[in-house]
Amino acid sequence: MGKEIFENEQTHLTETYNKLLDIKKNLEEQIAALNEKAVDDKNDIRDNIRFDYADIETTMETLAEIEVWNRYIDTYNVESNSLGKRLETVNKLLESPYFAKIELLFEGESTPESYYIGRAAISENGYDQLVVDWRSPVAEVYYNQENGRTSYTVEDRTIPVDLKLRRQFEINKDKLISFFDTQIAIEDPMLLKSLSQVHSDKMQAITATIQKEQNTVIRYPDVPVLLVNGIAGSGKTSVLLQRIAYLFYQKRKTLRPEQVCLLTLNPVFRDYIDNVLPDLGETNPPTLTWHEFLKEAGVWFAENEYDGTDAGSIQKIIDTLPRLQPEAEDFYDITQKGKIVMTKNDVLAVVKKFSKFPMGVRLIQTVADELEEKAKNILRNKVLDNDDESENVAEFDHAGESRIENEFGGALSFIRRCNFINIKHVAQRILGSEYITAAEWLYTKMELTGKCDRNVRYVMIDEVQDYTMAQLQVFRKYFPNARFMLLGDEFQAIRKGTVTFSQIAEMAEADEKEFVELPLMTSYRSSPEITEMFASLLPQEKKMMVSSVKRSGEEIVIKSCDGDNAYYAELTDLIGEFEKKSGLTAVICRNGYSVEKIAGALGDKAPQVIAGSDSLPKNGAFLIELALAKGLEFDNVILADADAESYPADELGKHCLYTAMSRATQHLAILANGKMTENIEK
């Protein structure tokens, strides 16, 4: 029976593959014909169009003719882009046409219908689908992983079905390697095989092995604030990227990549995930670190990636600013090429003219309009004073406004951008401090000028537990029209003073926004031995909920060394031993100082050091500090400085150790120079 099924599925795969080849050939012929016609039409334009601007009538005729040809060219571009995208889809499917099959029996029918599910949808004739997209409504039945009576929803209409078959495939081009009929995630052979594969320097899409709890997150209805609370290795980042792809599919006519903002902790992580969405046929949205976000928002100073701003200072800005009495030092002189147009006292005089308004957006916008008019009058007089006596005011009014814009645009732009406000001084007065953080500066500016990005519709924040409450308050105000998806693990918070998940819920409640928290409690990353080790650091009630689906691996190496000589010899041996194993070997250190110390001590034998802007190597070993390793995973991990000083027996020390250990998937070694951290139970 199994052989017969295999042969039948191979026959179907061959037929599908050949149809894909035919579609590819047809698309390439259409593109070639279109390009040839475009060249002919462009030559026709060059030979026949007359650029005649002799008088108004002929000029209008010339412009109309140019507009007609531009429309022809635009039509070619639209059609060419459409054909090109369809060809890209076909080429991706030719690598592996599909990964799953479901058989559904619809009500009133006697014969089940088969659906083959892949990374993208393709039809042979524009109607009959060879492959359905994994994000389509019918594909959800596959991810629910339960045979029998079920349903799926299309445009708010529930369609009841009986799932008769759920089959997974391993396929390479037109060759069927194997297939599995399964319905229970933990017994999923395809998942187990996927998890046992060697990890590379790039994250891979999990589309074929999305599990039920992950699918719940990916397809969850649109809500203002969605918090995904998952243990280490539960696939939070993969789920995040799959949800972005799902949103692009669901809102393909209205949602553009630039309307999604993905916030990440470091550039290493961004490079690690940059091929996942393109592999699914989608464009990566802007992905920013905190430091890069500040630059985008126009903050010209930012000391480092981390901002320790206290949430209380943000609240103080909100409460105090409306009551603040403006003074001259709250403003700057308005200048043009180094010459003063209006002094800060002139600005203050205008502000006081509208003293009925409190310090805030309404006041500043009203003042900006008044300042612009006053500045134009001053500049207009300067122009008239410099011109000869024959030019009168009427002549100036006819052409002079554009002249002012051209000659004095710097001063006018300065006013329009509300740059006449000394944001730092205002914030210093409110907070009673000379030192103002980037978050405090930006929040003050937003409160005064209304600066924000109303275009962004979704903000995705990975590793949210490592942001402060103040940073989240900044994001909330800067992206007023966005829905937020936050992913994290409170037990991976490796800095003091970061936000708690209860605070996130309280923030949403204060904004009267619907808040949903979804758990991910299964580890798909680490072996049971490693999972048990890092889960031992969790509270008892959380520890009992953690499970691993991977097969048993090797025992964890735990060793303390007496003295530098023994320690560095042992570390060198471990690196050499782990490099012989498959995959990448990460030597994780608690901080940058520890990385530099070990690299210096090992000298020529030291592995490559990964800095903030570096990509991961393709293979071998490397040294990396914990802050940069967050969110990543490696086949082999050596914790090189697991001593009591680096990982103290307090809450933060436990969080850091939990985070470091859970980067490992197959092999883990824990090494200390001197006394081992008390967090390790031997």
Side-chain angles (χ1 to χ4, degrees), residues 92 119 134-135 194-195 197-211 214 217-218 226 228 230 232-249 257-293 296 305 456 458-467 484-489 492 520 523-526 583-584 586 588 610-619 622 624-635 637 659 662-665:
K92 285 185 179 297
R119 288 184 292 173
W134 67 275
R135 297 164 290 188
S194 171
L195 295 175
Q197 292 176 353
V198 172
H199 290 76
S200 69
D201 60 321
K202 297 287 187 181
M203 175 178 276
Q204 305 299 314
I206 62 166
T207 311
T209 56
I210 293 171
Q211 300 302 290
Q214 296 172 329
V217 176
I218 292 167
L226 177 61
V228 180
S234 58
K236 293 184 294 296
T237 303
S238 294
V239 165
L240 165 63
L241 296 170
Q242 305 289 140
R243 180 162 175 85
I244 292 174
Y246 179 73
L247 288 171
F248 282 148
Y249 177 84
E258 63 269 20
Q259 292 179 305
V260 177
C261 181
L262 175 54
L263 293 159
T264 182
L265 289 174
N266 60 69
V268 175
F269 180 77
R270 174 175 53 211
D271 185 66
Y272 178 63
I273 65 172
D274 66 4
N275 69 338
V276 174
L277 285 170
D279 190 51
L280 296 172
E282 302 293 352
T283 302
N284 279 323
T287 306
L288 304 172
T289 64
W290 168 250
H291 186 77
E292 290 163 343
F293 161 75
E296 291 277 326
E305 292 292 324
V456 170
Y458 291 93
V459 174
M460 313 298 202
I461 305 179
D462 201 17
E463 304 289 352
V464 69
Q465 75 281 345
D466 280 329
Y467 290 84
F484 284 79
M485 181 180 183
L486 316 171
L487 299 95
D489 177 357
Q492 291 188 61
L520 292 174
S523 174
Y524 302 99
R525 174 190 297 156
S526 305
L584 290 171
I588 298 178
I610 300 296
S613 58
D614 295 336
S615 299
L616 296 176
K618 298 290 183 183
N619 49 56
F622 55 91
I624 186 169
E625 65 173 295
L626 178 58
L628 294 180
K630 282 186 64 66
L632 310 180
E633 57 185 52
F634 315 103
D635 293 278
V637 167
T659 305
S662 61
R663 301 308 94 200
T665 65

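One-based numbering along the sequence shown. Everything numeric here is computed off the predicted structure, so don't read it as measured data. The figures here come from the full heavy-atom set of this structure, side chains too, leaving out hydrogens, waters and symmetry mates.
When all heavy atoms of Ala664 and Ser526 are compared, the pair lying nearest together is O-OG, 2.6 Å. A pairwise comparison of heavy atoms in Val459 and Ile461 identifies CG1-CG1, 3.9 Å as the closest pair. Of all the heavy atoms in Phe248 and Pro257, the pair that sits closest is CZ-CA, 3.7 Å. Among all heavy-atom pairs drawn from Met485 and Val228, the shortest one is CE-CG2, 3.9 Å. Of all non-hydrogen atoms in Pro617 and Leu584, the two that sit nearest each other are O-CD2, 3.4 Å. The two residues Ser523 and Ala232 make their nearest non-hydrogen contact at OG-O, 3.7 Å.
Going from atom NZ of Lys630 over to atom CG of Asp466 covers 4.0 Å, rounded to the nearest 0.5 Å. Atom CG in Leu616 sits 5.5 Å away from atom CZ in Phe634 (nearest 0.5 Å). In this structure, Tyr467 OH and Leu265 CG are separated by 4.5 Å, a value rounded to the nearest 0.5 Å. Atoms OH and OH, from Tyr249 and Tyr246 in turn, are 9.0 Å apart once rounded to the nearest 0.5 Å. Put simply, CG on Leu263 and CE on Met460 are 10.5 Å apart, with the number rounded to the nearest 0.5 Å. Note that CD of Glu258 is 9.5 Å distant from OG1 of Thr283, once rounded to the nearest 0.5 Å.
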Worked check of side chain to side chain contact (heavy atoms under 4.5 Å, CB included) between Asp271 and Asp274
CA-CA 5 Å; Asp271 185 66; Asp274 66 4; 3.5 Å; yes

Does the pair Leu226 and Arg243 meet the rule for a side chain to side chain contact (heavy atoms under 4.5 Å, CB included), with working shown?
CA-CA 12 Å; Leu226 177 61; Arg243 180 162 175 85; 3.9 Å; yes

Assess whether side chain to side chain contact (heavy atoms under 4.5 Å, CB included) is satisfied between Arg525 and Arg663, documenting all intermediate values.
CA-CA 8 Å; Arg525 174 190 297 156; Arg663 301 308 94 200; 3.2 Å; yes

Checking Leu262 against Ile273 for the side chain to side chain contact (heavy atoms under 4.5 Å, CB included) test, could you report, in this order, the C-alpha distance in whole Å, the side-chain angles of both residues, the deciding distance, and whether it holds?
CA-CA 11 Å; Leu262 175 54; Ile273 65 172; 3.8 Å; yes

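Side chains of Ile244 and Tyr458 form no contact here, defined as non-hydrogen atoms less than 4.5 Å apart. Residues Val217 and Gln242 are not in side-chain contact: their nearest non-hydrogen atoms beyond the backbone lie 4.5 Å or more apart. Put simply, the side chain of Ile218 reaches to within 4.5 Å of the side chain of Trp134, judged on heavy atoms. Looking at heavy atoms from C-beta onward, Thr659 lies out of side-chain contact with Glu463 at the 4.5 angstrom threshold. Between Leu277 and Pro285, the closest side-chain pair of non-hydrogen atoms falls below 4.5 Å.
By the side chain to side chain contact (heavy atoms under 4.5 Å, CB included) test, Ser234 pairs with Ile231, Lys236, Leu520, sequence neighbours left out. Annotation: side chain to side chain contact (heavy atoms under 4.5 Å, CB included) contacts of Asn619 (sequence neighbours excluded): none. Partners of Lys92 by salt bridge (charged side-chain N to carboxylate O under 4.0 Å, His left out), not counting sequence neighbours: none found.
Formation of a donor-acceptor pair under 3.5 Å by the Arg135 side chain with backbone atoms of Ala245 is found in this model. In this structure, the side chain of Gln465 engages the main chain of Asp489 through a donor-acceptor pair within 3.5 Å.
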